[in-house]
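Let me begin by presenting the structure, written as structure tokens, before commenting on it.
First listed ligand is number 1; within each ligand, the first listed atom is number 1.
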Amino acid sequence: MASRKAHASPGETFLVSEIYPTIQGESSLVGHATVFVRLFGCNLRCVWCDSMHAVEGTGFRERTVDDVAGEIRKYLGESESDATRGIQFVCWTGGEPLLQWRSIARAISSLPGALVHTIETDGEIDLRAFDAEVRGHRDAGRVRYIMDVKCPGSGMTAKHAYENLERLRPIDEVKFVLADRRDYEFAKQVLGDRPTRASTILFSPVTPAHEVRRGLDPATLATWILEDRLRVRLQPQIHKYIWPGKERGV
Ligand code: SF4
């Protein structure tokens, strides 16, 4: 399906695919109730993409920053009288959310200061401009990247990800989505050659999606990690176990 012309106004509007509260299925924040903001549009086309509805087609709406911030606030469910309640995390994902970084920065500034925002980025957008815009939040640990380095099995080629690796901080996380042994060897090589301060390294096995019919067996990946005693974190996507076969709203 062809995309209709999709342009947001930087800092004013978003192209939104979906917004929903769910359980975070990835990263070191796995298991936490989180508000997901899935923005529309992507600079890449990974063969195993499990969010193509946010990459191509007409499944998006242009919405103002204030409108999106209002919907996020509505889902937080905070209670002044009960400190055990209220969502504390917002995950900006897509598509590639940093294509809309000016609007994200504005939304973050207008939301409660105690929230932790994770930015799931594909690694191929230069982080510097957004970083400068949200510097105070980054210094406070409230804006964190979960940054992919694209492996060969994605059908994409990592280029900017190597420079971005040098810009990460200990609060950030690097994710390799692995389709096979070749991707595993590639990820090991990147970790050996390209130092990063990010303290969490995620190895996530591919699951069948888009053009890919067969995933990588998590047990096989676990065996490789154990054989090499790698300091990485095996990361199956738990939302796919909780809600099998469901693509949207999880
Ligand atoms: S970068 Fe992410 S959203 Fe874009 S095509 Fe790849 S997997 Fe899909």
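For the ring-ring contact (aromatic ring centres under 6.0 Å, His included) condition, the pairs that include at least one residue of residues 219-250, sequence neighbours left out, are Tyr184-Trp224. Each salt bridge (charged side-chain N to carboxylate O under 4.0 Å, His left out) pair with one or both residues in residues 228-237, not counting sequence neighbours, appears once here: Lys188-Asp228.
If you number the atoms of ligand 1 from 1 as listed, the ones under 4.0 Å from a heavy atom of Trp48 come out as 7 (S). Against a heavy-atom cut-off of under 4.0 Å, Lys150 is close to the following atoms of ligand 1: 1 (S), 6 (Fe).
Ring pair Trp92/Tyr145: centre-to-centre distance not below 6.0 Å.
With Glu120 contributing its side chain and Ile146 its backbone, the two residues share no donor-acceptor pair below 3.5 Å. A donor-acceptor distance shorter than 3.5 angstrom exists from the side chain of Ser204 to the backbone of Gln235, with no hydrogens or angles considered.
For Glu227, there are no side chain to side chain donor-acceptor pair (under 3.5 Å) partners two or more places apart in sequence or in a different chain.
Listed by chain and number, the protein atoms of type N/O/S under 2.8 Å from atom 4 (Fe) of ligand 1 are Cys42 SG; waters are omitted.
Residue contacts with ligand 1 leave out Met52, since none of its heavy atoms falls under 4.0 Å from the ligand.
In this structure, Lys175 pairs ionically with Glu26, as a charged nitrogen and a carboxylate oxygen lie closer than 4.0 Å.
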